[in-house]
Amino acid sequence: MADSPTRSQKLAAPRGTADILPDEAPYWRYVRDTAERVCGLFGYKRIDTPIFEDAGVYLRTAGEGTDVLDKEMYVFEDRGENVLALRPEGTAGVVRAYLQHGMASLQQPVRLFYVAPNFRYDRPQAGRYRQHTQFGIEAIGDPHPLVDAEVIQLVTAFFSELGLRDYTLKVNTIGDSVCRPAYIEALRAYYRPRLDDVCADCRQRFETNPMRLLDCKEQRCQPLIADAPKLIDHLCDDCRQHFEALLGYLGAASIAYVVDPGVVRGLDYYTRTVWECHPAVEGAQSSLLSGGRYDGLAELLGGPRTPGIGFGSGFERLIINLKRADVTIPDDEPLALYIAHLTEGAGAVALRIAAAARASGKAAMVGPGGRSLKSQMKHADSRGARYVAILGKDELAAGEVTLRNLSDHGERRIAIADVADALA
RNA sequence: GUGGGCGUAGCUUAGCGGUUAAAGCGCCUGGUUGUGGCCCAGGAGACCGAGGGUUCAAAUCCCUUCGCUCACCCCA
């Protein structure tokens with residue numbers, strides 16, 4: 001670096017990363033706690049896989065031409081010349097762990113969930129970061145559509161518990177290795193003579209990811225999308241039955257959904273069921289949660305054919321929407337006691353009073369030394385303390401404290417030994 | 001990778017060619033000796049992102065660069 005960057009540039013968090021400051025922490029805790037509670041209600045167990053893996057875990061599973069892997073993965077070589085990658089998505093690592101630890105011998109499906117950071121080198125914007133945190137679940141080892149329905153049921157329970165009501169669940173099927181290739185050929189055959197009528201991005205999609213053609217937002221592409229061949233008309237019998245069974249279960253469970261052929265997937269290992277959840281007020285990075293079935297993934301990792309299904313959901317986007325929806329979240333633990341001390345030697349006593357309060361489960365804080373009582377009272381107030389124990393010369397000599405209730409302004413002298421019990 | 005917007009105190013911003021760069025919030029101190037949320041007074045805090053250029057004179061104009069941000073692609 002030839003130029004000398006300013007101090008602030010040098011010390012700034014890397015691009016696309018963010019510090020979660022104390023004011024934000026309650027939102028994070030709320031989302032995490034809600035996710036864990038809902039997973040518990042569905043019998044899902046937590047799994048934590050490494051933050052980096054052999055790059056092959058992701059490269060072998062994703063398929064060619066996928067942005068997430070081709071240009072967005074953080075790949076590096078360690079000192080042992082192993083090629084490693086920071087986790088770009090959650091599923092591959094969990095399936096790797098499933099295979100490595102022989103979970104196929106457990107009762108199927110194995111139900112797992114995780115909360116973990118993912119890394120993608122793309123350009124940051126609202127709701128998109130180079131490091132983002134995902135809550136995800138995986139149900140591995142059972143091909144039955146009832147599992148799909150249960151996973152989606154968990155999705156709706158999660159949003160409901162979170163307090164996010166205004167969202168749309170879009171479901172779709174993208175077929176499997178039997179019927180999808182033929183469909184993609186049909187799609188290409190349809191678009192090939194019409195490429196002049198389509199936007200530049202769609203011409204690119206035609207080459208790299210034809211199913212994304214159906215998801216284009218350009219006005220000029222809409223008529224073609226409307227008339228394009230539908231995968232639903234090209235499904236093989238197994239895929240069709242699977243999808244119909246799923247929709248039947250969703251209806252039986254009173255889960256509101258819309259079938260949207262535009263819901264596709266960036267990674268190749270997905271099969272059959274896919275879905276996304278979008279907030280009612282659509283922003284750019286609107287997908288709150290997206291999931292799908294991946295019956296071919298385990299084989300790509302060198303394991304036996306193993307069905308699986310799961311989803312991922314980004315904390316950052318969830319929190320954006322919690323704020324937008326004005327969802328009330330639990331506050332931090334309130335401060336029960338603030339101890340203001342005014343004289344030499346009172347500080348040591350204040351520490352003991354605080355310790356006693358904490359021992360009985362009350363949050364307590366000792367005021368800074370050398371500050372006026374007025375200053376310490378201000379601190380206590382701005383921290384939301386319920387009580388202030390004032391420890392000055394008189395109190396210290398008497399072995400007492402002046403206990404002030406900040407909400408009703410009541411004040412009384414009590415023995416130091418009784419402070420902890422006096423906190424309502 | 002492509003395009004738009006923006007970079008002035010911790011935060012939000014004003015100033016847009018001319019003396020020691022301003023306000024609100026926050027922070028600190030005080031408004032008689034030991035008392036909060038309101039009010040009043042005072043204080044600390046900014047090499048105006050960086051480098052170069054134009055000019056008698058630049059935070060203010062021009063160029064470059066870095067950063068942030070929003071959108072596209074793609075995605076959580």
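So that the names make sense, note that chain A is the first sequence line, chain B the second, and so on, each numbered from 1.
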Using a heavy-atom cut-off of under 4.0 Å over every strand shown, decide if [X] touches base, sugar-phosphate, or nothing.
X: A:Arg383; value: nothing
X: A:Thr343; value: nothing
X: A:Leu318; value: nothing
X: A:Thr133; value: nothing
X: A:Phe135; value: nothing

Starting from [atom2] on [N], measure out to [atom1] on [X] and report it in whole angstrom.
X: A:Arg317; N: B:C74; atom1: CZ; atom2: C1'; result: 10 Å
X: A:Leu214; N: B:C74; atom1: CG; atom2: P; result: 12 Å
X: A:Glu207; N: B:C73; atom1: CD; atom2: C1'; result: 16 Å
X: A:Arg203; N: B:U2; atom1: CZ; atom2: P; result: 19 Å
X: A:Glu218; N: B:C74; atom1: CD; atom2: P; result: 11 Å
X: A:Ile137; N: B:A76; atom1: CD1; atom2: P; result: 15 Å
X: A:Asp122; N: B:A71; atom1: CG; atom2: C1'; result: 14 Å
X: A:Leu21; N: B:C11; atom1: CG; atom2: P; result: 11 Å

Tell me whether the centres of the aromatic rings in A:Phe135 and A:Phe311 are closer together than 6.0 Å. yes

Would the A:Tyr74 and A:Tyr121 ring centres measure less than 6.0 Å apart? yes

Suppose you measure atom [atom1] in [N] against the same atom in [M]; what distance do you get, rounded to whole Å?
N: B:A22; M: B:A9; atom1: P; answer: 14 Å
N: B:A23; M: B:U35; atom1: P; answer: 30 Å
N: B:U20; M: B:G36; atom1: C1'; answer: 38 Å
N: B:U19; M: B:G4; atom1: P; answer: 35 Å
N: B:A59; M: B:G49; atom1: P; answer: 10 Å
N: B:C66; M: B:A50; atom1: P; answer: 15 Å
N: B:C11; M: B:G52; atom1: P; answer: 26 Å
N: B:C62; M: B:G17; atom1: C1'; answer: 13 Å

Between residues 30-47 of chain A and RNA chain B, which residues have a heavy-atom gap below 4.0 Å?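 Output list: empty, so none.
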
OP1 or OP2 of [N] versus the side-chain N and O atoms of [X]: is any pair under 4.0 Å?
X: A:Ser287; N: B:C75; answer: no
X: A:Gln125; N: B:A71; answer: yes
X: A:Arg123; N: B:C75; answer: no
X: A:Arg15; N: B:G67; answer: no
X: A:Ser375; N: B:U29; answer: yes
X: A:Ser372; N: B:U29; answer: no

Determine, for [X] against [Y], whether the closest basic-nitrogen to carboxylate-oxygen distance falls under 4.0 angstrom.
X: A:Glu400; Y: A:Arg413; value: yes
X: A:Arg46; Y: A:Asp48; value: yes
X: A:Glu24; Y: A:Arg29; value: no
X: A:Arg293; Y: A:Asp295; value: yes

Test A:Thr49 against every option in A:Arg87, A:Gln100, A:Arg96 by the side-chain hydrogen bond (donor to acceptor under 3.5 Å, both in side chains) rule and name the one that passes.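 Exactly one option meets the side-chain hydrogen bond (donor to acceptor under 3.5 Å, both in side chains) with A:Thr49, and it is A:Arg87.
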
When both hydrogen-bonding distances must be under 3.5 Å and the geometry is Watson-Crick or G-U wobble, what is [N] paired with, if anything?
N: B:C47; value: none
N: B:A71; value: B:U2
N: B:G18; value: B:C56
N: B:C38; value: none
N: B:U33; value: none

Could you tell me whether the side chain of A:Arg265 has a donor or acceptor atom within less than 3.5 Å of a complementary atom in the base of B:C75?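 Side chain to base: no pair below 3.5 Å.
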
Looking only at N and O atoms, is any donor in the side chain of A:Arg120 or the base of B:C74 less than 3.5 Å from an acceptor on the other one?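 Result: no qualifying N/O pair found.
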
Side chains of [X] and [Y]: is there a donor and an acceptor less than 3.5 Å apart?
X: A:Glu411; Y: A:His409; result: no
X: A:Thr34; Y: A:Glu161; result: no
X: A:Tyr294; Y: A:Glu138; result: yes
X: A:Asp176; Y: A:His242; result: no

Check against salt bridge (charged side-chain N to carboxylate O under 4.0 Å, His left out), A:Asp122 and A:Arg130: CA-CA 6 Å; A:Asp122 48 12; A:Arg130 288 186 174 177; 5.3 Å; no

Treat primed atoms plus P, OP1 and OP2 as sugar-phosphate and everything else as base, then score nucleotides 34-46 of chain B 5' to 3': B for base contact with protein heavy atoms under 4.0 Å, S for sugar-phosphate contact only, - for none. BBBB---------

Do A:His341 and A:Leu396 make a side-chain contact, defined as non-hydrogen atoms from C-beta onward lying under 4.5 Å apart? no

Identify, between A:Arg212 and A:Gly16, the residue whose nearest nucleotide on RNA chain B lies closer to the 5' end. A:Gly16

